[in-house]
A.B. asks: 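Dumping the structure here so I can ask a few things about it.
Order of the sequence lines fixes the chain letters, A, B, ..., with proteins taken first and strands second; residue numbering starts at 1 for each chain.
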There are 2 protein chains.
Amino acid sequence: MEAPACEVLQTFYNRGEAANEMNIKDIAKISGVGISTVSRVLNNSGVVSDTTRARVLSVVKKYNYVPNSNARNLKKIQSNTIALMVKGISNPFFANMIKEVERQVHLRGCPLMIQQVEDGVDEVGAAMQLIKEKNLYGVIFMGGTYDHSEEEFRQLGVPFVLTTITTLKDVDPSAFSSVSIDDVQSAYKATSYLISLGHRHICFLARFPFRENTIGSRRLLGYKKALEEHGIEYDPALVEDCEYAPSFGFAAAKRLLNKNLGVTAMFAASDAIAIGAAKAVLSSGLSIPGDVSVVGFDGIEMAEYYHPSLDTVSQPGVEMAHVSVEILFDLIAGETANRHVVFESMLVKRGSSRKIN
Amino acid sequence: MEAPACEVLQTFYNRGEAANEMNIKDIAKISGVGISTVSRVLNNSGVVSDTTRARVLSVVKKYNYVPNSNARNLKKIQSNTIALMVKGISNPFFANMIKEVERQVHLRGCPLMIQQVEDGVDEVGAAMQLIKEKNLYGVIFMGGTYDHSEEEFRQLGVPFVLTTITTLKDVDPSAFSSVSIDDVQSAYKATSYLISLGHRHICFLARFPFRENTIGSRRLLGYKKALEEHGIEYDPALVEDCEYAPSFGFAAAKRLLNKNLGVTAMFAASDAIAIGAAKAVLSSGLSIPGDVSVVGFDGIEMAEYYHPSLDTVSQPGVEMAHVSVEILFDLIAGETANRHVVFESMLVKRGSSRKIN
DNA sequence: GATGTGTATCGAAACGATTCGACGAGCTTA
DNA sequence: TAAGCTCGTCGAATCGTTTCGATACACATC
């Protein structure tokens, strides 16, 4: 997939003029008012007579003046910037959520800073750095598993929300806000469904990093719980570790099929994995759902347009993103009670699973 | 897909302490040096004796001091922030590029601000606003069609790069840098391929907004050119307008199939469209490539794992993102020559097209 | 000893906003 | 008429940096 770069043009470039030449002082002088009056007009704070307000606004408009946010943030010791710390920007499920977060934050007039947290880096520490540096307004953490202590969160010093992040061990819920689904219950639901269709050899594909309490391990709990309740013995050989992307799902499913364990159903902890797994099944000459039933997780659009359309445990990603921003801005507005919103996941049946004998 | 929120907990929340209590003055005092010395140490500017440097750094580390970037940016009249203006964050092809942009920008120690530009808004104006407000370091524009004049670009006043944006009419290439592929040639390549396989009734699916010179219209040019060169008459009925998402591709392909025009091949201007179109074909009981050949555009992972794997015109998105950031930072570093890098697209044959009589 | 040349450091003056205490003009009220 | 109040406005101080001119010392040179 390497493609050579090809230089088509090499021409001279003249750096333009300074972007913003006007400052509040200039506006004040031109308007014939004091500096603080301009400030009050722009911030709708304090009293300003209507005529003065109109005069100032017309000058602001005429010169296309935009206040310098660095100066403002410096003085107020608080910027209006929101940061989004996210694991896996390119995962379609997150991409959709990010889109909504951006939309909602933007709607509230705040710029959004996005930082990707690679696996293994200390996301809260990274956020801490940004907060100190930029005097952020608030932070949304999205995706992953957090092992941070109550104290670490407390030290952030600005409002924050944990979205689709597995609940932390030993952290007082009053110390943070969160938006999530019940992963255990959701996986339980999907697995139970497959069992109800008569499946006994159901494999489970998810990511199991070294840490405890990850999304993968929580969904595994639900999977196990369903098996147990129906008297099916848990077989570790049916569980494959794989990252949340089609290529990994493909490889994992291939490995599973090669084990010849008589698998009749596959449950993947993400649609991306499910799509890869489905491909492995189909390209092995097996059919879905004829030979193998497949159920994914997330509810991304691509799963619906796969052929066959894939069953999935759908999360209301857009709503979750929306609520995350709402909670964050409530906290910023002074709300003191942390909230924990747990959304309901939905088992969407599209025909990639079928009843067997 | 509506899911009801469920409040699980409502508990008290205590806003933490101010995030950053230390400033450069404190560090100077504690270190027993002057303010400017601390500044010089932190910025590696000017001369500082090794012993002083070590002493200051130890204090900085001890108190976990992070300089306030608002103050720095204010003084320097330049922040180190890069902004990415992007159309369609959730398009998997862009999502992948965004990921790389973030990685590369972050690697260079700069925060990244992302702003989504909805269809129809003035992206350059929005960037202008941000630049004035934040004294940005540079801007990357990604995706879409820009109708802005040379003057408008010149006014931005900071380095910028246009990535995967259709070339502008009447704008001197020396006024901007760009990273792209040759859309006309790429579409020509795909269409020619289908023609070489014997197809005569090839439909084309893309987005054609009101504006001229969009990605869709440029790819249409390539499509037409191929038809013309092979003496096939262009039939507007074979061209469908549809947005870059599976659902729209699905609907468009359905419309086409219902026209009964004897279509044997579909060329979509994006893989997302192609996946939707393929679904329409398959769910109509037709086979791919048996009855209809399908070729997409972009080279997203999902297209490879579709069943059948979809042929596509692949763009080296990650490299393009990488080079965009490189060019941007070259410009920031003082490079005065604008560059226009045109990447080579690649026709990837995976078996969703076949030779016909 | 007067002068020149580095080297390491210092402090004051910005940068462009917000905000608080002050103030003048125009009222009412005693 | 003086005192008290309100309304609208003003300017100085401040936020935490960077940076430039000044300075202080050590040492070499004449």
A.B. asks: On DNA chain C, does the nearest nucleotide to V38(B) precede the nearest nucleotide to L74(B) from the 5' side, or the other way round? Give the residue.
C.D. replies: V38(B)
A.B. asks: Walk me through it: do M85(B) and V124(B) pass the test side-chain contact (heavy atoms from CB on, under 4.5 Å)?
C.D. replies: CA-CA 9 Å; M85(B) 314 292 291; V124(B) 173; over 6 Å; no
A.B. asks: Tell me: CG of N73(B) to C1' of dC15(C), nearest whole Å?
C.D. replies: 11 Å
A.B. asks: Which nucleotides of nucleotides 6-14 of chain D have their base under 4.0 Å from a protein heavy atom (B), which only their sugar-phosphate (S), and which neither (-), written as one string 5' to 3'?
C.D. replies: --SBBB--B
A.B. asks: Using whole Å, report how far CD1 of I77(B) lies from C1' of dA17(C).
C.D. replies: 13 Å
A.B. asks: Counting only side-chain nitrogens and oxygens, does N68(B) get under 4.0 Å of the OP1 or OP2 atom of dG16(D)?
C.D. replies: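 For dG16(D), OP1/OP2 do not have a side-chain N/O of N68(B) under 4.0 Å.
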A.B. asks: Starting from P on dT19(C), measure out to CG on N44(A) and report it in whole angstrom.
C.D. replies: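 Checked: the CG to P distance equals 13 Å.
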A.B. asks: At less than 4.0 Å, is any side-chain N or O atom of Y65(A) found next to OP1 or OP2 of dA17(C)? Yes or no.
C.D. replies: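 Yes, such a contact exists.
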A.B. asks: Rounded to the nearest Å, what distance is computed from the CG atom of residue N135(A) to the C1' atom of nucleotide dC15(D)?
C.D. replies: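 One finds 10 Å between C1' of dC15(D) and CG of N135(A), rounded.
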A.B. asks: Should N68(B) and N135(A) be marked as a side-chain hydrogen bond (donor to acceptor under 3.5 Å, both in side chains) after you check the CA-CA gap, both sets of side-chain angles, and the distance that decides it?
C.D. replies: CA-CA 8 Å; N68(B) 180 308; N135(A) 298 121; 2.8 Å; yes
A.B. asks: I want to know whether F176(A) and F160(A) have ring centres closer than 6.0 Å.
C.D. replies: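 For F176(A) and F160(A), the ring centres are not under 6.0 Å apart.
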A.B. asks: Begin from the C-alpha positions of V101(B) and H322(B) and carry the test side-chain contact (heavy atoms from CB on, under 4.5 Å) through to its verdict.
C.D. replies: CA-CA 6 Å; V101(B) 166; H322(B) 190 124; over 6 Å; no
A.B. asks: Apply side-chain contact (heavy atoms from CB on, under 4.5 Å) to the pair M128(A) and L156(A), showing each step before the final yes or no.
C.D. replies: CA-CA 6 Å; M128(A) 190 72 201; L156(A) 283 175; 3.9 Å; yes
A.B. asks: Does N43(A) reach a base, just sugar-phosphate, or nothing at all? Heavy atoms under 4.0 Å.
C.D. replies: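 The residue N43(A) makes sugar-phosphate contact but no base contact.
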A.B. asks: In whole angstrom, what separates N80(B)'s CG from dT18(D)'s P?
C.D. replies: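 The distance from CG of N80(B) to P of dT18(D) comes to 11 Å, rounded to the nearest Å.
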A.B. asks: In this structure, how many angstroms lie between the C1' atom of dG16(D) and the NZ atom of K134(A), rounded?
C.D. replies: 14 Å
A.B. asks: Kindly determine whether H106(A) and Q116(B) satisfy side-chain contact (heavy atoms from CB on, under 4.5 Å), including the steps that lead there.
C.D. replies: CA-CA 9 Å; H106(A) 192 70; Q116(B) 195 170 197; over 6 Å; no
A.B. asks: Among dT18(D), dG16(D), dA17(C), which nucleotide has an atom closest to any side-chain atom of R72(B)?
C.D. replies: dT18(D)
A.B. asks: Without decimals, in angstroms, what is the distance between K76(B) NZ and dG16(C) P?
C.D. replies: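 K76(B) atom NZ is separated from dG16(C) atom P by 15 Å.
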A.B. asks: If you apply the rule side-chain hydrogen bond (donor to acceptor under 3.5 Å, both in side chains), what do you find for S39(B) with S36(B), and how did you get there?
C.D. replies: CA-CA 5 Å; S39(B) 178; S36(B) 52; over 6 Å; no
A.B. asks: When the distance from NZ of K132(A) to P of dC15(D) is rounded to whole Å, what number comes out?
C.D. replies: 19 Å
